[in-house]
Amino acid sequence: MIVMSRTGRRTTQGRMYAAISTSIVALLLTTGCHKKSKAPLPSTAPAAMAQAPTVTLAADPVAIDVGQSVTLTWRTTNANTVSIDGIGSVDPNGNQTVMPSTSTNFHITATGDGGSAEANVRVTVRVPQPQSSGSSSNLNDMGTDAAFHAAVKDVFFDYDSYDLRPDAQSNASQAATYLNAHPAIKVVVGGYCDERGSAEYNLALGENRANAAKQALVSAGVSAGRIRVVSYGKEKQFCTEAAESCYQQNRRGQFNLDR
Amino acid sequence: MPVMQENEVEKKSLLREFGGALLLHVIVIGGIALSGFVFHQRSQRWGENADLSGAVQATMVSSIPLPPRVRPREDNVLASEHPSEAPPQPTTKAEPPPKPTDIPVQVRQPDKKESKRVAERPTPETPKQKQPPPPEPQKATSGSTGGVKIAMQAMQSRIGTSAVNVTDQSFGARFGYYVRQMNQRISQQWFTQTLDTSAQGRRVYLTFRISRDGSISEINIVKGSGNASLDSSANRALQRIDSLGPLPDAYSGSYITVQYYFEPSQQ
Amino acid sequence: MAVMRLHQTPLRRWPVFAGALLLACSAAFIPATFCAQDTVFTGTNKGADRIRIAPANFHAQSGDAVGLKQVFDSVLESDLKNAGVFDVVSKSMEPRAEPSAPGDINLAAWAGGNTNASYVAFGNFGITGGKVMVNAYVFDTHNAQYPQVIGKQYVDAASEEAARTIAHRFADEIILRLGGGIPGIAETKIYYVRAGGGTKEIWTMEYDGANPHAVTHLGTVALSPRVSPDNSRIAFSALGKDGFQIRVFSLLLDRMVNFNSAGGTNISPAWSPNGQLAWSSSRSGDPEIYVADASGNGARRVTSFRGPDSSPTWNPKTGSQIAWISGRSSLPQVYTMEADGTGVQRMTDGGYATSVSWSPNGQFLAFAWNRKYGPGAPGGQDIYVMEVATKKWIQLTNGMGQCDFPTWSPDGRHIAFAVGSGVRGQIWSMLADGTEKHKLVAGDMPNWSFR
């Protein structure tokens, strides 16, 4: 009798167990599905947290005469593909001998799981002087393009700004020193903008950039009459990729000899 | 005793399992509630993004001279089909040939080479129309419509009801299209957003004159609505319009006088 | 005349409103919840409905006229569709008839059934003695006694260009008579910049993108074409030895004419309705807005703010206000002022706003705006329209790419604009409420003629 009733109770409880566990299993399945959908996330997480690649590029020497060669040396980390503009795909680490005929910006791009990195190095090529200035002093010396560019560096600007940054200020004062030492030189300042924004407005902004560079020279003692200003806006680009490093190359006040 | 023990063991395990079940339920329900909360949060952020994009904001584009992109319902934009009396025959012989220069332009310096190339003139007189009688309009006739013979072309749009009457009785019958497009143009220029709510259902009556070139002058409110915002919006709607289009070439008069009323609908 | 009683119950109105709302939501790619929370007006969704017009196929008077007649038919249909004021009956819904003359037409057939047209355009197209002769009519289907709205005869040389011109003329006549007295734009032109081979030249085309061809052959970078109000000259800026300078090309003389720039960089010319020019000149060292006559003489400076000032546009209605772009507070913004430089007002509240264009009725500014501009910011540059009086604005493009250089059609119903720039640039056209966008040609910096 007791046994009977007990078994009777057990059966009922058994049913209840069955019902409860079924519902739990069902609920677990539903939530389990949910968990599964999230499951792949951890496996992708390491990739997303992959180290960003780094790259360095060096040239030795950085200035040559025409016909001489330069060794480019580069080191990368965390990169899958590495390429140098004008050379193509290269090993992650290596060196290459090049013989540029004109001053060249070498640009390296390293791409890995963690993104991409870029670096630049400029090789200046000294072109033989067409006519020797002989014994004449600096006073009438227009100098060479190579000498000019070795001493007078372009100035770069922040995004949508035409104020000279500290590095641009120091470039401008170096340029002014050179120009004050070579009073025969006339200079044309080109104003450039990156490809973003509107073409018309960028012409005005480029004008402001070139004028800011001009003003820095004038306040350092260079006669305003020796400086001409041309804005190119975004009509002439030094670099045409949609990347900040490239944009920075294009936000520029460029100094050239005005012959 | 052994039975009892067994029973107790069973009870304990039952309690444990029941507790386990309870815990799982709590976890599951909590999980659902949490996920709901999380998704809610995320949707909030989406909403914020949408807000940043600020795609739709303003109300003012009604004065861009575009009609709305809704298919017109011919049964809604009806005009007079029962002229109250026979209008006089038009004086067709007085009709001057229109030239391209008849259309007013902002700066008069026609490009000779272009404008003279195509010879334009009205077509020769065409034989009198022999049209089958138009079908009777399929509209509900309630008592009020049949008897009232006001010579006004009423038009209802989403902003309200307006009606036009040209005092030269024959004009409306002869140039129904002109009256219709005039009514439509004025409705487009009426900014009902600026009206206060008490203007609904009120009616403002005005008169104005349209010159040969379509320009509007002598705007008068003949019977105010009693609502200042409605009365001033009527004036402004007309002042916004440079030209209602040149009067039909076949019309011999130099201007027409228009009676107009407007009644904003319940919004 | 009887008053027609119009029954439009709220129930019938509701689906239309709901449809418009849905359209607004989907067009803007924003969640429905956002729409529900905010009061959304769909701009022109008020006032009267579109006019339903049926362009019938014209009747060719002879076999040799069929080819040109088909050109005429399709141009007329497309002009009416482009006008933005008509609900054009599709040809498949029209009666099969090709009414040739007023005696032939059975108005009831056009007024009823699927056609359901308020107006019918029809007529005949013949070639005699090397000339095209078109008799064209528009009839009001609801006015049996006096149905004729327009009756015109056009005669021109028998060429495809002439068939197009006649269709444009007739379409403009219809738009003027039925569209609320605003002249049509079928004969207007768009001037633009076309890049290729390292240079940019000024090109022109018809308003619908037909017949694109070069105007200048300078072999340099020419930008910002602006056609004069009388269609006689184009002012633009071109790169020379001294940087960008204003140049003027005479369309009547087919050559460059003199413009006196007086130093500095000179860019972004703009014609006033009475033929003056405003432009940005840096003759003082900082780009400022100047105003002078069409030859650049009598120049006077109207702005004096540190920073870039460029892209002026006149209020075409009054000719006495100028809107322009100024970077005096860092990022460029839209400003307005009187043409003498007084009454300066800032219009945009942030972001990066450029390339402003003033609507023909003087009430609106269209411009390119990137509301979330910044390094790394994902914001796109889109076309916006702002009401001058209230500074309320609406966004007209979304997700199409970098949109720039909006320009109003003379009827104020259309806006052409550039998508992308340089050799990848395209010129698009849309109605001024942002609907019916379509690509016209490859190009940049469009400028719609004044008429």
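In what follows, chains carry the letters A, B, and so on, assigned in the order in which the sequence lines appear, proteins first and then strands, with residues in each chain numbered from 1.
For A:D163, the part sitting under 4.5 Å from any heavy atom of chain C is the side chain, from C-beta outward, and nothing else. For chain C, the nearby parts of A:A199 are the backbone and the side chain; heavy atoms of each come within less than 4.5 Å. Contact annotation for A:Y162: only side-chain heavy atoms (C-beta onward) come within less than 4.5 Å of a heavy atom of chain C. With a 4.5 angstrom heavy-atom cutoff, A:D158 does not touch chain C via any of its atoms. In this structure, the portion of A:K236 lying under 4.5 Å from any heavy atom of chain C is its side chain and not its backbone.
Other residues, nucleotides and ligands contribute only 12 or fewer heavy atoms inside 6.0 Å of the CZ atom of C:R424.
Annotation: the span from C:L223 atom CG to A:L203 atom CG amounts to 6.0 Å, rounded to 0.5 Å. Distance check, rounded to the nearest 0.5 Å: CG of C:D286 to CG of A:N211 gives 7.5 Å.
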How far apart are the C-alpha atoms of A:Y232 and C:V221, what are their side-chain angles, what is the distance that settles it, and do they pass the side chain to side chain contact (heavy atoms under 4.5 Å, CB included) test? CA-CA 10 Å; A:Y232 295 94; C:V221 177; over 6 Å; no
Does A:K234 form a side chain to side chain contact (heavy atoms under 4.5 Å, CB included) with C:S421? I'd like the steps, not just the answer. CA-CA 11 Å; A:K234 62 177 197 177; C:S421 61; 4.2 Å; yes
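Applying the salt bridge (charged side-chain N to carboxylate O under 4.0 Å, His left out) rule to C:R194 yields no partners; only residues at least two apart in sequence or on another chain are considered. Residues passing the salt bridge (charged side-chain N to carboxylate O under 4.0 Å, His left out) test with C:K200, sequence neighbours excluded: A:E235.
Chosen from C:G307, C:S355, C:S330, the residue pairing most often with chain A at heavy-atom distances under 4.5 Å is C:G307. When each of C:S224, C:A368, C:S280 is checked for heavy-atom pairs under 4.5 Å with chain A, C:S224 comes out on top. Most heavy-atom pairs under 4.5 Å with chain C: of the set A:V229, A:V188, A:L205, A:N208, this distinction falls to A:N208.
Judged purely by atom type and a 3.5 angstrom limit, C:D404 has no side-chain atom pairing as donor or acceptor with the backbone of A:S198.
At a heavy-atom separation below 4.5 angstrom, chain A is approached by C:T265, C:I267, C:S268 within residues 261-268 of chain C. For a heavy-atom cut-off of 4.5 Å, chain A lies close to C:L239, C:K241, C:D242, C:G243, C:F244 in residues 238-246 of chain C.
A:E200 and C:S310 share no side-chain donor-acceptor pair at under 3.5 Å.
Listed here is the closest heavy atom pair of C:S326 and A:Y201: C-CE1, 4.5 Å.
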